[in-house]
Number of protein chains: 2
Amino acid sequence: MSTAIETTPGTPDQVGALPAAVACCAPLARTPLSAKDAQGLAVVLKAIADPARLRLLSLVAARENGEACVCDLTEPVGLSQPTVSHHLRTLADAGLLRREKRGVWAYYSLVPGALDEIARVLTTAGRP
Amino acid sequence: MSTAIETTPGTPDQVGALPAAVACCAPLARTPLSAKDAQGLAVVLKAIADPARLRLLSLVAARENGEACVCDLTEPVGLSQPTVSHHLRTLADAGLLRREKRGVWAYYSLVPGALDEIARVLTTAGRP
DNA sequence: AGTAAACATCGACAGACGTCAATATCTAGA
DNA sequence: TCTAGATATTGACGTCTGTCGATGTTTACT
């Protein structure tokens, strides 16, 4: 009851929550992370630091059209529907997945560049 | 009492624990992760999915000589010495940091390529 | 030997997390 | 309007995790 954000039907809604900025800072090994940046990065990393969510991300990404509905994912990962739904929400809240509702189905797809942003921060540019 | 692994003094010891293979698999977005690969990747990602540990990694990496002792790190992150020591052990167990004891000091440094391996798996090669 | 310093380990505690069954909400079609 | 199906939310549960203070261990120096 009383969800803050009202989503007008037809609008591709971004799940009513914090997009938890994936982009943040210079590569880890370049300069010491500020406490704030570390906190933000950790939120996103926590989102992908789970076997189930990693597989969900992978399953979605590896699709032909780059999207999948919950019903497609529930069986491959071997978890209950509520659990899968919960994980997808976590990933969407972290800004890694986008959600689009079409009819009865909810289609999830990668947010372009999100995973690459994380990769960029982790890459040790010059340091051996 | 009776630690399994005996470290001969002088030998740069890898901390007596599981190196938790950082390298694992094809990029996430290429092919669906197996349950086993997802599990392994998650272990490593959990290790870096913490603000304190991210800052520790960053502090170590950004050093001139690429190494730092616990005493150098305890103050910048604002945590107790036991806690810092614990985090460093976590990172070393995950195969991200190497530990070398010299005299009374324990010097930690990045395992070359470890972070880049993670970055590689996360990078979406062809997928937009 | 005795002492001081650096680091690791232990034990404890609060809080966060992953999971499920039950239930609610929404949509399409009859 | 009623029904069936897809997804989201809720409540509960056991487990894992980050943190600390106290204590143990190792090394160097006097």
Side-chain angles (χ1 to χ4, degrees), chain A residues 1-11 13-17 35 38-39 42-43 45-56 67-75 77-94 97 99-108, chain B residues 1-10 13 15-17 35 38-39 42-43 45-56 67-75 77-94 97 99-108:
Chain A
M1 41 297 268
S2 82
T3 313
I5 297 181
E6 166 105 14
T7 56
T8 33
T11 304
D13 64 322
Q14 290 277 90
V15 172
Q39 173 61 41
V43 169
L45 286 173
K46 271 183 204 299
I48 64 174
D50 177 88
R53 288 194 289 270
L54 282 172
R55 297 190 73 190
L56 289 173
E67 62 179 18
C69 63
V70 181
C71 58
D72 291 328
L73 303 169
T74 211
E75 183 267 334
V77 296
L79 293 173
S80 73
Q81 174 267 319
T83 300
V84 170
S85 202
H86 169 248
H87 283 314
L88 291 171
R89 177 169 169 46
T90 300
L91 289 168
D93 285 355
L97 286 185
R99 190 189 101 134
E100 187 188 353
K101 188 124 191 190
R102 287 206 299 271
V104 187
W105 292 273
Y107 290 93
Y108 287 87
Chain B
M1 45 292 270
S2 80
T3 314
I5 297 180
E6 167 105 14
T7 56
T8 32
D13 64 321
V15 172
Q39 173 61 42
V43 168
L45 286 173
K46 272 183 203 298
I48 63 174
D50 177 89
R53 288 194 290 269
L54 282 172
R55 298 189 74 191
L56 289 173
E67 61 179 19
C69 64
V70 181
C71 58
D72 291 328
L73 303 169
T74 211
E75 183 267 334
V77 296
L79 293 173
S80 73
Q81 175 267 318
T83 300
V84 171
S85 203
H86 168 248
H87 282 315
L88 291 172
R89 176 168 170 47
T90 299
L91 290 168
D93 285 355
L97 286 185
R99 190 189 101 134
E100 186 188 354
K101 188 126 190 186
R102 288 207 299 271
V104 186
W105 293 274
Y107 290 93
Y108 287 87

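Computed from a prediction, not measured in an experiment: that's the story for all the values here.
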Among all residues two or more places apart in sequence or in another chain, which pass the side-chain contact (heavy atoms from CB on, under 4.5 Å) test with T90(A)?
A47(A), R53(A), H86(A)

Would you tell me if any nitrogen or oxygen in the side chain of R89(B) comes within less than 4.0 Å of OP1 or OP2 on dT9(C)?
yes

At under 4.0 Å between heavy atoms, which parts of nucleotides 17-24 of chain D does protein reach? Answer with one letter per nucleotide, 5' to 3': B base, S sugar-phosphate only, - none.
-SBBBB--

Distance check, rounded to the nearest 0.5 Å: Y108(A) atom OH versus L88(A) atom CG?
5.0 Å

The single option from I48(A), V77(A), L91(A) that satisfies side-chain contact (heavy atoms from CB on, under 4.5 Å) with L54(A) is I48(A)

Would you say a side-chain N or O of Y107(B) is under 4.0 Å from OP1 or OP2 of dA6(C)?
no

Restricting to side-chain contact (heavy atoms from CB on, under 4.5 Å), what partner residues turn up for T74(B), sequence neighbours left out?
Q81(B), V84(B)

Mind calculating the distance between CD (E100(A)) and P (dT27(C)) to the nearest angstrom?
14 Å

Starting at atom NZ of K101(A), determine the distance to atom P of dT25(C), rounded to an integer number of angstrom.
13 Å

What residues form a side-chain contact (heavy atoms from CB on, under 4.5 Å) with P51(B), not counting sequence neighbours?
A38(A), Q39(A), A42(A)

Nearest-0.5 Å distance, NE2 of residue H87(A) to CG of residue L79(A):
5.5 Å

Return no unless some side-chain N or O of R99(B) is found under 4.0 Å from OP1 or OP2 of dA8(C).
yes

For D93(A) and dA8(D), give me the distance from atom CG to atom P, rounded to whole Å.
11 Å

How close or far is atom C1' of dT19(C) from atom CG of L56(A), stated in whole angstroms?
14 Å

Distance in angstrom units between L88(B) CG and dT9(C) P, rounded:
12 Å

dC17(C) C1' sits how many Å from I48(A) CD1, rounded?
17 Å

